**Student:** 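Input: one structure, supplied below.
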Amino acid sequence: MKFTKKYETYMRGIRMEEELPGVGLKRLKKMLKKCRSELASHHQTASSAAATTTDAPGGVRCAGHCSVCDGSFFPSLLDEMSAVVGCFNEKAKKLLKLHLASGFKKYAMWFTNRCHKGHGQLIQQGKDLVTYAIINAVAMRKILKKYDKIHYSKQGQEFKAQAQSLHIEILQSPWLSELMAFYMNLRRSKKNEAGMELFRDCTLTFDNDQPTLSCNLFDSMRVDISLTCSICLDTMFDPVSLSCGHIFCYLCCCSAASVTIVDGLKSAHHKSKCPLCRQAGVFPNSVHLDELNMLLSYSCPEYWEKRMQLERVERVRLAKEHWESQCRAFLGI
């Protein structure tokens with residue numbers, strides 16, 4: 001079965017409470033087909049080589065931007081990608097908030113949302129969300145690859161890089177790693193063992209004490225998320241995902257953003273840059289990865305206990321320094 005048909009079958013049969021946005025693969029492919037035929041026709045009738053060239057055997061190449069499809073192809077795909085990522089983030093955040101809630105707060109959320117979801121339903125919804133994210137990521141990659149193939153260009157790859165900078169690359173979403181950790185945490189419970197047959201492809205491995213969260217995904221794709229902090233070069237503790245998608249320890253993030261743990265990352269300057277990709281303004285909208293934090297604490301308890309003691313001492317020291325400096329500033333010393 002071709003991917004387009006497989007994708008449409010999945011989107012029609014998806015088990016969600018309401019219709020979810022997706023990528024219009026058929027419409028975009030028709031747009032590219034029309035573009036290819038018009039380019040071929042133009043190539044046969046053109047008398048000048050300034051507009052088109054034949055760099056590839058038997059192919060036609062656009063000179064610069066394609067006048068046939070660029071005006072509608074990329075804006076349309078951009079809107080669809082934004083809708084998919086926004087929907088995924090919203091639903092994943094809502095699901096994880098319900099799972100992490102406890103006591104009266106959880107019952108209040110159930111009553112407000114008029115739903116009473118047990119562990120099995122939470123697991124199934126988590127699985128559906130991960131599948132929804134992955135199949136749409138594959139769809140976006142395939143249509144951009146087809147664009148580059150037809151136009152013999154790299155504009156598709158450039159658009160993908162632009163999507164990452166705009167935070168609409170779904171595999172870049174922090175909620176994807178949170179969902180993976182979410183169902184791995186549920187797998188620890190014996191009463192959920194049967195339901196967790198859905199997630200056998202997701203693993204947390206340690207190679208030379210460096211943890212990696214891996215998942216074999218739809219259409220032979222594989223996602224590997226390194227859980228080693230690039231700043232302290234140790235296993236992440238109290239992990240935080242910046243809006244660019246990179247994950248670090250919370251204290252390391254505060255240090256990189258030049259803020260105190262009392263003020264937090266929301267007080268970071270808008271020009272502060274990610275230590276890896278050097279993108280500015282990524283600290284204020286950072287996300288605490290609570291499920292991932294729980295997963296790591298269960299997976300390496302001895303390391304976690306030792307790191308927790310060190311972190312407690314360090315946080316007390318930093319908080320003390322902060323308030324001492326505030327007092328000195330207030331007294332004018």
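Every value quoted in this text rests on a predicted model; they were computed, and no experiment measured them. Throughout, residue positions are numbered sequentially from 1 according to the sequence presented.
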**Student:** How close do Gly156 and Leu144 get, heavy atom to heavy atom, and via which atoms?
**Tutor:**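 So the two residues come closest at O-CD1, 3.8 Å.
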**Student:** Can you tell me if Glu178 uses its side chain to pair, donor with acceptor, with the backbone of Asp290 under 3.5 Å?
**Tutor:**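 Yes, because the side chain of Glu178 sits within donor-acceptor range (under 3.5 Å) of the backbone of Asp290.
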**Student:** If you measure from CG on Leu129 to NZ on Lys93, what distance do you get to the nearest 0.5 Å?
**Tutor:** 14.5 Å
**Student:** So, Gln172 side chain and Cys244 main chain: donor-acceptor pair closer than 3.5 Å or not?
**Tutor:** yes
**Student:** Write down the atom of Phe283, the atom of Cys274, and the distance for their closest heavy-atom approach.
**Tutor:**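 Shortest heavy-atom separation between Phe283 and Cys274 comes out as CE1-N, 4.3 Å.
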**Student:** Taking only residues two or more places apart in sequence, or in another chain, which ones meet Asp224 in a salt bridge (Lys or Arg N to Asp or Glu O under 4.0 Å)?
**Tutor:**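 Once residues adjacent in sequence are excluded, the partners of Asp224 under the salt bridge (Lys or Arg N to Asp or Glu O under 4.0 Å) criterion are Arg222.
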**Student:** If I take atom CG from residue Asn293 and atom CD from residue Glu291, how far apart are they, to the nearest 0.5 angstrom?
**Tutor:** 10.0 Å
**Student:** Sequence neighbours left out, what pairs pass salt bridge (charged side-chain N to carboxylate O under 4.0 Å, His left out) with at least one residue falling in residues 235-256?
**Tutor:**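 Listed once each, the pairs are Asp238-Arg315.
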**Student:** From Met184 CE over to Leu296 CG, what is the distance, rounded to the nearest 0.5 angstrom?
**Tutor:**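 Reported to 0.5 Å precision, the distance equals 9.5 Å.
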**Student:** ring-ring contact (aromatic ring centres under 6.0 Å, His included) with Trp304: which residues, sequence neighbours excluded?
**Tutor:** Phe237
**Student:** Taking atom CD of Glu90 as the centre, report whether more than 12 heavy atoms of other residues, nucleotides or ligands fall under 6.0 Å from it.
**Tutor:** no
**Student:** Centre of Phe3's six-membered ring, under 6.0 Å away, within 45 degrees of the axis: is that where NZ or CZ of Lys142 sits?
**Tutor:**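 Relative to the ring axis of Phe3, which defines the angle, Lys142 lies inside both limits.
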**Student:** Measure the CD1-NZ distance between Ile135 and Lys6 for me, rounded to the nearest 0.5 Å.
**Tutor:**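 Rounded to the nearest 0.5 Å, the CD1-NZ separation comes to 8.0 Å.
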**Student:** Kindly compute the distance separating CD1 (Ile231) from CE (Met236), expressed to the nearest 0.5 Å.
**Tutor:**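 Interatomic distance, Ile231 CD1 to Met236 CE, rounded to 0.5 Å: 9.0 Å.
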**Student:** The criterion is salt bridge (Lys or Arg N to Asp or Glu O under 4.0 Å); which residues satisfy it with Arg27, sequence neighbours excluded?
**Tutor:** Glu80
**Student:** Would you say the side chain of Lys273 lies within less than 4.5 Å of the side chain of Gln279, judging by non-hydrogen atoms?
**Tutor:**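 Result no, sub-4.5 Å side-chain heavy-atom pair not found.
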**Student:** Hey, could you give me each pair passing salt bridge (charged side-chain N to carboxylate O under 4.0 Å, His left out) that has a residue in residues 154-171? Not counting sequence neighbours.
**Tutor:** none
**Student:** Would you say Ser272's side chain and Ala268's backbone share a donor-acceptor pair under 3.5 angstrom?
**Tutor:**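 Checking the backbone N and O of Ala268 against the side chain of Ser272, no donor-acceptor pair under 3.5 Å is found.
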**Student:** Holding to side-chain hydrogen bond (donor to acceptor under 3.5 Å, both in side chains), I want the full list of residues that pass it with Lys29, two or more places apart in sequence or in another chain.
**Tutor:**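 Scan of Lys29 (side-chain hydrogen bond (donor to acceptor under 3.5 Å, both in side chains), adjacent residues dropped) gives Thr4.
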**Student:** What pairs meet the ring-ring contact (aromatic ring centres under 6.0 Å, His included) rule with one or both residues in residues 245-267, with sequence neighbours excluded?
**Tutor:**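 Listed by first then second residue: Tyr250-His288.
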**Student:** With no hydrogens and no angle check, is any side-chain donor or acceptor of Ser255 less than 3.5 Å from a backbone partner on Leu251?
**Tutor:**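 Not confirmed, Ser255 side chain does not pair with Leu251 backbone.
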**Student:** If you compare all heavy atoms of Ala319 against all heavy atoms of Ile261, which two are closest, and at what distance to 0.1 Å?
**Tutor:**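 Ala319 and Ile261 have their closest heavy atoms at N-CD1, 4.3 Å.
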**Student:** Going by the salt bridge (charged side-chain N to carboxylate O under 4.0 Å, His left out) test, which pairs reach into residues 320-333, not counting sequence neighbours?
**Tutor:** Arg317-Glu321
**Student:** Considering residues at least two apart in sequence or located in another chain, which fulfil the side-chain contact (heavy atoms from CB on, under 4.5 Å) criterion with Asp234?
**Tutor:** Cys232, Tyr303, Arg307
**Student:** Could you list all the salt bridge (charged side-chain N to carboxylate O under 4.0 Å, His left out) pairs where at least one residue sits in residues 243-257, not counting sequence neighbours?
**Tutor:** none
**Student:** Would Asp263 and Thr260 satisfy side-chain hydrogen bond (donor to acceptor under 3.5 Å, both in side chains), going step by step from the backbone distance to the final call?
**Tutor:** CA-CA 5 Å; Asp263 294 329; Thr260 67; 3.1 Å; yes
**Student:** Nearest 0.5 angstrom please: Lys94 NZ to Lys91 NZ, how far?
**Tutor:**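 Taking NZ in Lys94 and NZ in Lys91, the distance rounds to 6.5 Å.
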**Student:** Ignoring hydrogens and angles, tell me if any N or O in the side chain of Tyr7 forms a donor-acceptor pair with the backbone of Val23 under 3.5 Å.
**Tutor:** yes
**Student:** Kindly indicate whether the side chain of Val259, heavy atoms from C-beta on, has any atom under 4.5 Å from the side chain of Leu265.
**Tutor:** yes
**Student:** I'd like to know if the side chain of Ser177 reaches the main chain of Pro174, judged simply by a donor and an acceptor atom lying under 3.5 Å from each other, with no hydrogens or angles considered.
**Tutor:**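 Yes.
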**Student:** What residues form a side-chain hydrogen bond (donor to acceptor under 3.5 Å, both in side chains) with Asn89, not counting sequence neighbours?
**Tutor:** Ser173
**Student:** Would a hydrophobic clustering, with Ile, Leu, Val, Met, Phe, Trp and Tyr connected at side-chain separations under 4.5 Å, put Ile134 with Leu77?
**Tutor:**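 Ile134 and Leu77: one cluster.
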**Student:** Any heavy-atom pair between the side chains of Tyr132 and Pro21 that's under 4.5 Å?
**Tutor:** yes
**Student:** Please list, chain by chain and in numerical order, all residues satisfying side-chain hydrogen bond (donor to acceptor under 3.5 Å, both in side chains) with Thr228, sequence neighbours excluded.
**Tutor:**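 If we apply the side-chain hydrogen bond (donor to acceptor under 3.5 Å, both in side chains) test to Thr228, skipping adjacent residues, there are no hits.
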